[in-house]
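Structure first, commentary second.
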Amino acid sequence: MKKALFLCLAALSAMSTLLAQPIEIPSWVDQEIQKVGQRIQEWQGSDPIVLFPVITDVHSGGRDTYRHVAYLNHAAKSLPFDFIADLGDIGLDVPATKELEVAMPFLQRHAELHHQFPGISINLVGNHDHNRNGGQGNAFNDRELGEFFNVPSLRKSTSLRQLTLAENGTYGFVDIPARKVRVFFLNTSDRQDPQNYYTVSPRQMDFLVYHMRFTEPGWTVLVLSHYCMWKDLGAWNSDSVRGAHMDTLLQIFQDFNAAAKGESEGVRWDFTGNVDCRMAAYITGDSHFDVTERENGILVAISQGFGGVSPKDVPRWASRTDFNPAQQTLVDIVAVKPQARELKIFRMGAGGAEKDRTFSW
């Protein structure tokens, strides 16, 4: 007992020291920003775009991977981000942060770094973010995570970039009205559905379909989540987990593109009033490898992020870039040309231009 208390106090002391330290920006970060910025500019040309980075799976585990959020804030000084998105798994129930007293400073540190971004910053709930392995079960509930991360960004909404949150703050959407682009973010560990932990609950899908109806023509939609609801694409070879309600979510996406209506599992939708509206992509994290596939006409792009995975667990349709987080970063920057119906995901850091991905719809 004394040994456990000593280790806990030692971890708290180390974390407090870490929180007090300013984060230096290494020269290699500026080099990576310059390289990706040049590629973005060349691809954009004179076309108007929507630009936002996704960072994912920065699992704490005692490592200071959170400094990569500071690198992202620094990149925003040179790159015209409309907002920034963290796809989840900041790692609050890994062994090093299992106890609430240790997990809380990690939660605060991660939130503070995101709040340093001057614009809208959204954080998605990952399957390692409720601190489920803590002694009392879920140490952090959805509402607390939403209030820590996303609610403070509401005051940063402007007429150019608008944030809308659902009731608990863990899902919602960002609008860029001038470009007619709406980016949804979902909670795939939604505790409104207590029977399932990898899910988008029917209540959440009700919110989604309501806000996927448009009175103006020509809107482009993207959807972000942590867990890939098409788990056949994002699953490790040793993983048998399958997301709940995933078939309904896919049908919603398909019917949105078809301007159709439907019903499943008590959720009803009607997109017949939409004119010339399309879904550009569904972008996720969680898997710790890169995947790009079309699933029934829906583009699914998984971002590797910072988590580890054994080579034997990487499926044949996926790829993995090995890198040292102390010497490189790994951020996927999503760029959308809504009028041209083109999308490109640029890799800032590990893999560089070879990991860029280009699409049209």
Side-chain angles (χ1 to χ4, degrees), residues 85 87-88 122 124-125 127 141-143 146 150 162-177 180-234 241-284 286 293-301 338 341 361:
L87 300 189
I122 57 173
L124 282 61
V125 177
N127 55 294
N141 62 38
D142 282 340
R143 184 172 298 278
N150 296 326
Q162 302 166 3
L163 173 64
T164 298
L165 296 178
E167 57 182 340
N168 65 23
T170 63
Y171 59 95
F173 58 88
V174 179
D175 270 351
I176 298 88
K180 290 188 177 180
V181 172
R182 178 167 292 176
V183 183
F184 289 94
F185 57 101
L186 306 178
N187 178 354
T188 49
S189 293
D190 190 340
R191 304 316 290 147
Q192 293 177 354
D193 192 359
Q195 301 303 314
N196 303 289
Y197 195 65
Y198 300 91
T199 181
V200 175
S201 68
R203 187 172 179 178
Q204 188 176 169
M205 287 190 286
D206 281 334
F207 173 89
L208 178 68
V209 300
Y210 180 83
H211 292 286
M212 290 179 78
R213 298 178 300 170
F214 295 94
T215 57
E216 296 178 321
W219 276 80
T220 298
V221 163
L222 291 88
V223 180
L224 313 178
S225 73
H226 172 69
Y227 180 83
C228 181
M229 289 298 289
W230 287 271
K231 196 55 182 175
D232 291 343
L233 295 180
V241 174
R242 182 175 171 84
H245 313 302
M246 58 190 296
D247 294 331
T248 297
L249 190 64
L250 177 58
Q251 190 61 53
I252 290 170
F253 293 165
Q254 290 177 284
D255 283 349
F256 176 80
N257 279 346
K261 62 182 178 180
E263 178 180 358
S264 178
E265 298 185 289
V267 181
R268 297 181 180 180
W269 55 89
D270 187 346
F271 305 128
T272 57
N274 289 355
V275 177
D276 195 30
C277 296
R278 294 287 294 180
M279 180 172 169
Y282 174 50
I283 300 171
T284 75
D286 179 66
E293 294 286 347
R294 285 198 180 272
E295 184 76 5
N296 292 351
I298 306 300
L299 173 66
V300 181
R341 289 192 169 179
W361 67 91

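Keep in mind that what you see is a predicted model, and the values were worked out from it rather than measured. Every heavy atom of this structure was used, including side-chain atoms; hydrogens, water molecules and symmetry mates were not.
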- Query: Out of Tyr227, Trp361, Phe253, which one pairs with Tyr282 under the ring-ring contact (aromatic ring centres under 6.0 Å, His included) rule?
  - Reply: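 Of the listed options, the one satisfying the test is Phe253.
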What's the verdict on salt bridge (Lys or Arg N to Asp or Glu O under 4.0 Å) for Asp276 and Lys180, showing C-alpha distance, side-chain angles and the deciding distance? CA-CA 11 Å; Asp276 195 30; Lys180 290 188 177 180; over 6 Å; no
Smallest separation among heavy atoms of [X] and [Y], with atom names:
X: Ile252; Y: Met212; value: CG2-SD, 4.0 Å
X: Val209; Y: Phe271; value: O-CE2, 3.6 Å
X: Thr248; Y: Ser264; value: OG1-OG, 2.8 Å

Side chain to side chain contact (heavy atoms under 4.5 Å, CB included) assessment of Arg213 paired with Asn274
CA-CA 6 Å; Arg213 298 178 300 170; Asn274 289 355; 4.3 Å; yes
Minimum side-chain heavy-atom gap [X]-[Y] below 4.5 Å:
X: Val181; Y: Asp175; value: no
X: Thr220; Y: Cys277; value: no
X: Asp190; Y: Val200; value: no
X: Ile122; Y: Val174; value: yes
X: Leu186; Y: Leu224; value: no
X: Asn187; Y: Gln204; value: yes
X: Leu233; Y: Thr284; value: no

Which value, rounded to the nearest 0.5 Å, describes the distance between [X] atom [atom1] and [Y] atom [atom2]?
X: Asp232; Y: Arg242; atom1: CG; atom2: CZ; result: 5.5 Å
X: Gln254; Y: Asn296; atom1: CD; atom2: CG; result: 4.5 Å
X: Trp230; Y: Glu295; atom1: CH2; atom2: CD; result: 7.5 Å
X: Arg268; Y: Lys261; atom1: CZ; atom2: NZ; result: 10.5 Å
X: Asp247; Y: Met229; atom1: CG; atom2: CE; result: 8.5 Å
X: Leu124; Y: Thr170; atom1: CG; atom2: OG1; result: 8.5 Å

Which residues share a ring-ring contact (aromatic ring centres under 6.0 Å, His included) with [X], sequence neighbours left out:
X: Phe185; result: none
X: Phe214; result: Trp219
X: Tyr171; result: Phe207

Between Gln251 and Asp255, is any side-chain donor less than 3.5 angstrom from a side-chain acceptor?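 Result is yes, a qualifying pair exists.
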Do Phe184 and His211 have ring centres separated by under 6.0 Å?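 They do not qualify: ring centres at least 6.0 Å apart.
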Check: Trp269 ring centre within less than 6.0 Å of Tyr210 ring centre =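 That pair fails the under 6.0 Å test.
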Hey, does the side chain of His226 reach the backbone of Leu87 with a donor-acceptor pair shorter than 3.5 angstrom?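 Between the backbone of Leu87 and the side chain of His226 there is a qualifying donor-acceptor contact (under 3.5 Å).
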- Is the side chain of Asn150 donor-acceptor paired with the backbone N or O of Gly169 at a distance under 3.5 Å, no angle test?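 The answer is yes, because a donor-acceptor pair under 3.5 Å joins these two groups.
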Handout entry: Working for side chain to side chain contact (heavy atoms under 4.5 Å, CB included), residues Val223 and Ile283
Key = CA-CA 6 Å; Val223 180; Ile283 300 171; over 6 Å; no
Next on the checklist: Quick one, Val221 with Arg278, criterion side chain to side chain contact (heavy atoms under 4.5 Å, CB included). Give me CA distance, side-chain angles, the key distance, then yes/no.
Outcome noted: CA-CA 6 Å; Val221 163; Arg278 294 287 294 180; over 6 Å; no
- Task: Kindly determine whether Asp286 and Cys228 satisfy side chain to side chain contact (heavy atoms under 4.5 Å, CB included), including the steps that lead there.
- Result: CA-CA 7 Å; Asp286 179 66; Cys228 181; 6.0 Å; no
| query | Is it true that atom CZ of Arg203 has more than 12 heavy atoms of other residues, nucleotides or ligands lying nearer than 6.0 Å? | reply |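 Count not over threshold, so no.
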